[in-house]
Amino acid sequence: GLPSPSDVTTFELEPAAHGVVIDPRSGLAFVTRGKVNTVDVFNPANMSLINRIPVADDPDAIFFDPVDQLVYAVSGDAGVATLIDPVAQKIVGTIPLGGKPEFGVFDRRTKLFYQNLKDTNSIAVLDIGKRSVVQRWPLAKCVGPTGMDIDEAGRRLFVACGRSSTLIILDLNKHQITTSLPIGTGPDAVAFDPGLHRIYSIGLFGTLSVVQQIAPDTYRSLDLIQLHFAAHTLAVDRTTHRLYVGYASLFVPPRVAIFSPIR
């Protein structure tokens with residue numbers, strides 16, 4: 001069944017919690033705290049703080065690297081990625097990115113990490129094990145890349161362009177943009193459901209865009225759903241195909257909207 005308010009527990013410290021990721025081995029969670037420049041380690045079972053790790057200015061998105069078994073957190077203002085050993089709960093390296101990072105995804109096939117750089121309209125391709133940027137791909141006509149997701153089987157990357165309000169599709173084999181289509185104004189997060197071959201995007205103005213993948217380079221807009229302002233975050237459950245959209249603004253309390261797709 002669907003979750004209810006009684007299923008929700010809260011971990012509260014300073015404001016400006018941005019990204020959160022769970023280490024699958026320990027079950028511990030790591031959350032970025034923008035205003036205090038830390039990654040906090042907490043136990044989701046009882047919502048207790050375990051450790052606080054100082055990182056570079058403006059920590060935002062955070063991910064788990066399943067190959068190197070590291071937590072990867074990016075700092076927007078500092079333009080760096082910080083690598084954290086989740087067992088020792090210590091920093092084991094940093095990678096200068098050469099731009100302001102937004103979202104990124106890990107490619108299990110190549111074992112590379114693709115990182116959007118918002119201010120240079122490009123993607124930095126990282127080998128986390130080598131602690132280095134190995135390639136840079138320009139994103140023509142994509143102004144302000146933000147959210148990103150991957151179709152590993154089809155070898156396509158989906159990138160939301162926040163300032164140009166477009167979704168671009170990039171061929172991972174050719175490193176070229178193959179398709180571009182308009183989506184809702186100010187898109188931020190992107191999620192791909194490989195079972196239904198659908199891409200979802202949401203952003204500042206609360207427009208949920210639903211795009212159907214017909215073929216790797218053929219797409220059709222299915223719907224535009226108007227939610228509340230500041231709906232920046234979404235995730236898709238690839239088993240149930242439900243879509244979860246989190247949003248908060250000055251006018252409504254924080255909430256999560258849950259959608260069941262029409263197939």
Taking all heavy atoms of [X] and all of [Y], pick out the closest pair and write down the distance.
{"X": "Asn43", "Y": "Ala45", "value": "OD1-N, 2.9 Å"}
{"X": "Val133", "Y": "Ala124", "value": "CG1-CB, 4.1 Å"}
{"X": "Ala29", "Y": "Val20", "value": "CB-CG2, 4.2 Å"}
{"X": "Tyr219", "Y": "Arg156", "value": "OH-CG, 4.3 Å"}
{"X": "Val55", "Y": "Val39", "value": "CG1-CG2, 3.9 Å"}
{"X": "Pro86", "Y": "Val71", "value": "CB-CG2, 4.1 Å"}

Pair Arg155-Asp107, salt bridge (charged side-chain N to carboxylate O under 4.0 Å, His left out): steps then yes or no
CA-CA 9 Å; Arg155 308 307 300 154; Asp107 184 353; 2.6 Å; yes
- Task: Please work out which of the three classes, parallel, tilted or perpendicular, describes the rings of Phe103 and Phe63, given edges at 30° and 60°.
- Result: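 Because their plane-to-plane angle is over 60°, the rings of Phe63 and Phe103 count as perpendicular.
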- [ ] Give me the ring orientation class for Phe229 and Phe205: parallel if the planes are under 30° apart, tilted from 30 to 60°, perpendicular past 60°.
- [x]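 It falls in the perpendicular class, over 60°.
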Under 3.5 Å: donor-acceptor pair, side chain of Asp85, backbone of Val87: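 Indeed, once roles are kept as given, a pair shorter than 3.5 Å links the two residues.
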Checklist entry - Do Gln212 side-chain atoms and His197 backbone N/O form a donor-acceptor pair below 3.5 Å? => result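 Yes, because the side chain of Gln212 sits within donor-acceptor range (under 3.5 Å) of the backbone of His197.
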Exercise. Report the distance from atom OG1 of Thr146 to atom NZ of Lys118, rounding to the nearest 0.5 Å.
Key: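 Between Thr146 OG1 and Lys118 NZ, I get 7.0 Å after rounding to 0.5 Å.
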